[in-house]
Each structure stands twice: as C-alpha cells, then as structure tokens.
Amino acid sequence: MEKEVIKTHSTCTGLIQPVTDALYVLSGKWKIPILISLTFGNKRFGQMAKEIPKITEKMLSKELRELELNQLVKRTVYDTIPVVVEYSLTEYGHSLDKLIFELATWGTEHRKRIIGK
C-alpha cells in the first residue's frame with residue numbers, strides 16, 4: 001500500500017532536496033547499469049566491462065570510484081598472484097535494489113506505451 005502524500009508547498013520543497021541528492025549520486029549514463037550488474041553478484045572489472053555494452057574502461061573505472069566514495073560499492077583486493085580485484089555492492093548499495101526494479105518496471109511500461117510493443 002502506498003503512503004499518501006499531502007500535496008502542499010512545503011511537501012513539494014521538502015521532496016526536491018532529497019531527490020536532487022539521489023539524482024546527483026546516481027546521475028550519468030553508467031552508474032545504474034553498474035549497480036544492476038553488481039546486483040547479480042560480485043564481479044571483476046573485466047566481467048563488468050563485458051556485461052555493460054559500450055562502456056569504456058576509463059569510464060567504468062571513474063564510475064566505480066565514485067560509487068565507492070558514496071559507499072554503494074566495495075572494492076576488494078585479494079593478495080594473490082596475479083592480484084585479483086573484485087567489486088561488490090555494499091549493504092547500503094543493496095538499499096537501491098527496490099528502486100532499480102521499480103525503474104525497470106516503469107521503463108518497460110513506458111516503452112510499451114510509447115513504442116506500442
């Protein structure tokens with residue numbers, strides 16, 4: 001059951017800042033696809049690069065660093081030869097699971113509505 005929002009000016013202004021903050025953290029073309037990839041398990045850099053179409057290694061590296069700074073992704077370096085680096089979602093990163101699946105549902109319905117398929 002959805003929580004009913006009382007539509008007042010203060011409710012509106014109260015929603016703008018947190019939504020702006022969320023969009024700032026998740027902005028760009030690549031962060032959500034990276035999070036989706038990691039939702040399905042821990043990955044090495046090369047695995048993600050292959051899984052996410054058209055992302056460059058430079059961009060993947062940059063976005064992973066930003067997601068790590070925002071505590072959504074954890075980078076683990078294993079002391080092996082050769083060194084193995086693995087990325088995973090943090091517990092905090094998993095707090096976005098519901099949002100990502102809701103976006104996917106909305107996107108599917110939107111595509112049907114606009115394209116008619």
Side-chain angles (χ1 to χ4, degrees):
M1 176 180 265
E2 283 187 39
K3 183 175 138 183
E4 186 169 333
V5 177
I6 300 169
K7 295 183 179 179
T8 64
H9 176 73
S10 63
T11 304
C12 173
T13 56
L15 288 172
I16 290 172
Q17 188 62 56
V19 171
T20 300
D21 292 345
L23 289 175
Y24 178 79
V25 171
L26 300 173
S27 69
K29 183 176 179 179
W30 302 112
K31 285 191 179 86
I32 291 179
I34 291 166
L35 292 169
I36 291 169
S37 174
L38 291 173
T39 296
F40 292 91
N42 300 353
K43 305 274 170 60
R44 291 174 63 178
F45 186 89
Q47 290 174 286
M48 278 187 287
K50 288 177 188 169
E51 212 169 73
I52 302 168
K54 299 182 183 176
I55 193 167
T56 64
E57 289 186 359
K58 181 179 177 182
M59 184 56 72
L60 179 56
S61 181
K62 173 190 169 293
E63 298 290 53
L64 283 166
R65 274 194 306 276
E66 288 181 18
L67 289 167
E68 192 176 3
L69 284 172
N70 283 293
Q71 302 175 5
L72 299 172
V73 169
K74 180 181 177 190
R75 180 180 188 265
T76 304
V77 180
Y78 295 98
D79 189 19
T80 58
I81 298 174
V83 173
V84 172
V85 179
E86 188 175 71
Y87 295 89
S88 59
L89 281 184
T90 62
E91 188 174 323
Y92 184 52
H94 278 292
S95 71
L96 293 167
D97 289 351
K98 183 178 174 185
L99 174 67
I100 288 169
F101 285 104
E102 286 293 326
L103 281 170
T105 300
W106 187 88
T108 300
E109 293 305 313
H110 179 67
R111 179 174 287 270
K112 287 178 190 172
R113 178 184 181 119
I114 299 302
I115 298 175
K117 294 182 180 178

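Just the heavy atoms: all of them, side chains too, but no hydrogens, waters or symmetry mates, feed the values below.
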Locate the shortest heavy-atom distance separating [X] from [Y]; write the atom from each residue and the value.
X	Y	value
L26	I32	O-CG1, 4.3 Å
L35	V73	CD2-CG2, 4.2 Å
W30	M59	CD1-CG, 3.2 Å
T20	I16	OG1-O, 2.7 Å
T11	I6	OG1-O, 2.9 Å

S61 side chain to E57 main-chain N or O, any donor-acceptor pair under 3.5 Å?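 Looks like no, no N/O pair under 3.5 Å.
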Strictly below 4.0 Å, N to O, side chains only: are R65 and E68 in salt-bridge contact?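 Here R65 does not pair with E68 in a salt bridge, since their nearest N and O are not under 4.0 Å apart.
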K62 and E66 ion-paired at < 4.0 Å: yes
Which value, rounded to the nearest 0.5 Å, describes the distance between [X] atom [atom1] and [Y] atom [atom2]?
X	Y	atom1	atom2	value
R44	T76	CZ	OG1	12.5 Å
K50	S37	NZ	OG	12.5 Å
H94	L72	NE2	CG	11.0 Å
E86	M48	CD	CE	9.5 Å
K31	L23	NZ	CG	11.5 Å
L89	K43	CG	NZ	9.5 Å

Non-hydrogen side-chain atoms of N42 and K74 separated by less than 4.5 Å: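 Side-chain contact under 4.5 Å: no.
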Heavy-atom side-chain contact between L67 and L38 under 4.5 Å: no
Using a cut-off of 6.0 Å, state whether more than 12 heavy atoms not belonging to Q47 lie near its atom CD. yes
Honestly curious: do [X] and [Y] fall in one hydrophobic cluster under the side-chain, below-4.5 Å linking rule?
X	Y	answer
L103	I52	yes
L69	Y87	no
F40	Y92	yes
V19	L99	no

Given side chain to side chain contact (heavy atoms under 4.5 Å, CB included), test F45 with L60 step by step and report yes or no. CA-CA 8 Å; F45 186 89; L60 179 56; 3.6 Å; yes
